[in-house]
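The structure displayed is predicted, hence computed values, not measured ones. Throughout, a chain's letter reflects where its sequence line sits, starting with A, and its residues are numbered from 1.
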Amino acid sequence: MAAAISPDRILKELADLWVTMGKQGQAEAGAGVLRACSMTLVVLSEESDDATAWGETIAALMPEHPARTVHVRLCEDRERGLTERVYAECWMPFGQRRQICCEQVEISVNQDALGDLPSVVLPLAVADLPVILWCRTPRLLGMPEARTIAAMARKVIVDSGTMPDPRDALRRMDAARARGVVLGDLAWTRMTRWRDMLAQVFENRERLAQLDSVKRVGVTYGTTYETSARLMAAWIGDSLAEAGGAPEIAIVRSEAVPTIAIELSGGGLEVQLARREETLLVTVNETSHHTSLPYPTDYLVMREELGVAGRDPVLERTLSSAARLAYPTDK
Amino acid sequence: MPAENPFQDPARFERRVPECVVVIFGATGDLTKRKLMPALYRLAYDRRLSAGFAVLGISRTPLSDDDFRGRMLEAVKEFSEDTKFDEDVWRGFAEGLFYVPGDLNDQALYDRVAAKLGEIEAARHTGGNVLFYLSIQPSQYAPAALNLGKAGLGKGNGWRRLIVEKPFGHDLASARELSDRLHEVFDESQVYRIDHYLGKETVQNILAFRFGNGIFEPLWNRRYVNHVQITAAESIGVEGRGAYYQEAGALADMIQNHLLQVMATIAMEPSASFHADSVRDERSKLLRSIKPMTPDEIGLNAVPGQYGPARIGGADVPGFRQEPGVKPDAQTDTYAAVAFFIENWRWAGVPFYVRTGKRLPKRVTEIAIQFNRAPLAMFEGEEGDGSSPNLLIVRIQPEEGISLKFLSKRPGNGYKLRPVSMDFSYGSSFGERSPSAYETLLLDAIIGDATLYTRQDMVEASWTAVQPIQEVWRNTKFDFPNYPAGTWGPAAADEMLARRGHVWRKP
């Protein structure tokens, strides 16, 4: 028989946790603990998700984005139904005596108990603070239970790079955008440094003046970067159109490219961006420079995504264009 | 050509920084090594600078470009406090470092600078944008600016800006004269007077705190605020700067610029917008509202001090007059406390106590806003009678943050109250690193945002408030030293507050 849990019990456990930690903190360092919370972060993941790596990501995120984290794991064990545990993620800021802690609630749920999930998760949201939903599994994204939770979230973060059909993923995300869902897409976040560097090329007024003469845009991508590449191509196309250009856009898959590579050409201007291990090589008319480009870990992309609290107009515009590029015949 | 870069994404990208050359006069000096170069390197590390960014160092010492790069490398490694040294970042940054040796008074130097800037512009596409930074003796500011003008460097095909460090004159007349001479080459809009206090994250946060929240501003006036204390205490002495310091003193070195700017930020009216001139108009208006004091009022509202020798932590500490380079009968104020009054409807009658000093017990800078007591003491015990007023404390250093002190009921029977503190700490609430004041201010100058820079009318208003005190003190022979090193200043400063029923906080 599936076990039942009550949100009141979880909240009571959280309250007890603070009393215990406060007493421990006073006894050990004499300074107690400080509760930090700026949002409720609901994370939906599969049981197979690497729990250690995930824990490290959350631990790294908390100092900058302290949150009550509600981690929902979708498990296969039919006997377990719904189970939960509460604990705290704490750290000691350098040179200080008082620990800072964030609340963590872990809920395991099997397929049979999925229907009960929203009634447990929704009361756990911290009042007056935003709820962010991070859906780490494409499987859950389409389920009605996830939609109920998404409806209370200010922002829903997904990774279109993990979705099985990249073109369809872009179309579905654009449809969600059109319904008013505020989206974050980690496949897009992974492109921020690339986009930033491309933008910097055109901070120079001489090059800015050449922008409308760009005739060709090429985005080449490796295995898991198709949605990133499509979003990038759409963004470049939109930006060039804004400058009065109408370039030909080519999106090409290549096993030789580990992530993506970008090329703009025309009017005597050649711009190329390519990854070289942990650096980005930017070449403009045969003059090159390197800039650091760490591999985009979950921590790095989520750190950025949690920093963009509201709508992201550039992503929204790009999603529309990317969906149109993927399905040119769609209305 | 599009007016704006269409690839901009302000939600995700940092503020765009135009291509430019920063020309540092005094490039082998302490400020360049300790502050400017580590700040610029950090900006490069954070990818905040454009690809063609360049620095042109100017100093008397004969050095090649490579020698200069070597020296700056040492400086960055030694003085970058919280930045990991990255070989790749340094290599890219160092390619943009150049050097021209020469004498500031030799016009030929400026011609060589012009030629070098031409070469850099051609090679690095800097668009003719140049930021001149005068990190030199204040007496050289005007000659250097005039020589830049003679070499045609005050104007060009891009923008030209000039940063000058304090002191901006040593009194009102000299401040005006300095500005007049700078204005012969640079318009006021091109002159950036740097006050690194305004670049501190917490000082900037005062505006966010006051004008970004709805609950504080209604209390921010004479009806609810009893008085304000602004403290900038240093535990160190003059650290080898005795010769300079004995000519300046605490009043001119700290209060005339840094602390009056902080006071203006705390007390100014909300600006109509966050544009540089709107904010600076309000700061300036506040500074102009400070009541100038008569000599009699100065005797009651301003206290100078000078530290004497003492034994601190088992070590003998010399008095100011025993410091190297200081005259044995120096009348310099190493401590200054002033009660300022602002003549406007918001603040009439509210004392703003401002104090600063060297060799005080600890290094701390903070603003304490003390609110009026509850009108009726309802509760039992010492605290319940209202003797512990509500305090809002804005800590600028060392632990940046904001605390609100209020009374709360102690658990148990009866109504015994105890003061408790609600704390916001930058370090714990925001895990990310705060940029240093010089990073913020240099970037602002490159972008052309003068919000945190001091305008000429603000400098003049500050001198108008401070100069009468300076003149009275200059014509009075004080019985110095009047406080031992390691204490909170002279007894007269305590008496100044006691006359109004107030007590200095011990931060």
Side-chain angles (χ1 to χ4, degrees), chain A residues 34 36 38 60-66 91 93-96 98-100 188-189 192-193 195-212 235-236 238-245 278-279 282 284 287 289-292 303-304 307-315, chain B residues 1-20 44-53 82 84 86-93 95-96 121 123-129 157-159 398-399 401 422-433 446-447:
Chain A
L34 191 69
S38 62
L61 285 171
M62 287 303 108
E64 268 177 68
H65 300 288
W91 66 96
F94 181 73
Q96 293 188 21
R98 187 157 53 170
Q99 281 203 106
I100 303 171
W188 172 247
T189 321
T192 300
R193 284 214 170 191
R195 296 193 301 118
D196 196 358
M197 286 302 113
L198 184 60
Q200 274 203 20
V201 170
F202 295 98
E203 278 303 300
N204 183 302
R205 295 187 67 77
E206 289 167 27
R207 292 182 200 136
L208 187 63
Q210 292 175 281
L211 204 54
D212 57 0
W235 173 70
I236 296 173
D238 284 347
S239 303
L240 291 174
E242 202 178 304
E278 293 216 39
T279 62
V282 182
V284 182
T287 306
H289 75 272
H290 288 265
T291 180
S292 78
R303 176 180 174 227
E304 178 184 327
V308 182
R311 306 199 88 87
D312 181 346
V314 179
L315 171 62
Chain B
M1 183 173 82
E4 296 283 333
N5 180 348
F7 290 108
Q8 293 272 10
D9 185 352
R12 305 246 174 196
F13 303 165
E14 299 282 5
R15 284 194 295 179
R16 309 264 29 110
V17 180
E19 313 272 4
C20 76
Y45 182 88
D46 289 340
R47 301 177 303 115
R48 305 298 306 277
L49 301 176
S50 58
F53 177 81
D82 52 0
K84 191 179 112 190
D86 184 306
E87 201 68 54
D88 286 339
V89 174
W90 171 257
R91 205 176 302 122
F93 179 68
E95 281 171 11
E121 187 182 334
R124 300 183 68 84
H125 307 285
T126 51
N129 300 326
N157 52 347
W159 50 256
E399 282 178 32
M422 205 154 67
D423 297 324
F424 154 71
S425 155
Y426 253 85
S428 54
S429 295
F430 297 105
E432 59 205 292
R433 167 190 177 275
I446 292 170
I447 290 166

Under the 3.5 angstrom rule, does the side chain of Arg303(A) hit a backbone N or O of Leu61(A) as a donor-acceptor pair?
-> no
Portion of [X] that has a non-hydrogen atom of chain B nearer than 4.5 angstrom:
X: Thr279(A); value: side chain
X: Met197(A); value: side chain
X: Glu203(A); value: both
X: His289(A); value: side chain
X: Asp212(A); value: neither
X: Leu208(A); value: both

For the residue pair [X] and [Y], what are the closest heavy atoms and their distance?
X: Gln200(A); Y: Ala51(B); answer: OE1-N, 4.1 Å
X: Phe202(A); Y: Arg207(A); answer: CD2-O, 3.6 Å
X: Pro66(A); Y: Ala36(A); answer: CB-CB, 3.6 Å

Less than 4.0 Å between a side-chain N and a carboxylate O, is that true for Asp88(B) and Arg91(B)?
-> yes
Considering only heavy atoms and a distance below 4.5 Å, find which of Thr291(A), Asp312(A), Leu240(A), Val284(A) pairs most often with chain B.
-> Asp312(A)
Report the option among His290(A), Glu242(A), Arg195(A) that has the most heavy-atom pairs separated by less than 4.5 Å from atoms of chain B.
-> Arg195(A)
Of all residues at least two apart in sequence or in a different chain, which pass the side-chain hydrogen bond (donor to acceptor under 3.5 Å, both in side chains) check with Glu304(A)?
-> Thr192(A), Arg12(B)
State which residues pass side-chain contact (heavy atoms from CB on, under 4.5 Å) with Ala199(A); sequence neighbours excluded, sorted by chain then number.
-> Asn5(B), Phe7(B), Phe13(B)
Please look at Glu95(B) and chain A and tell me whether the side chain, the backbone, both or neither of the residue comes under 4.5 angstrom of a heavy atom of that chain.
-> neither
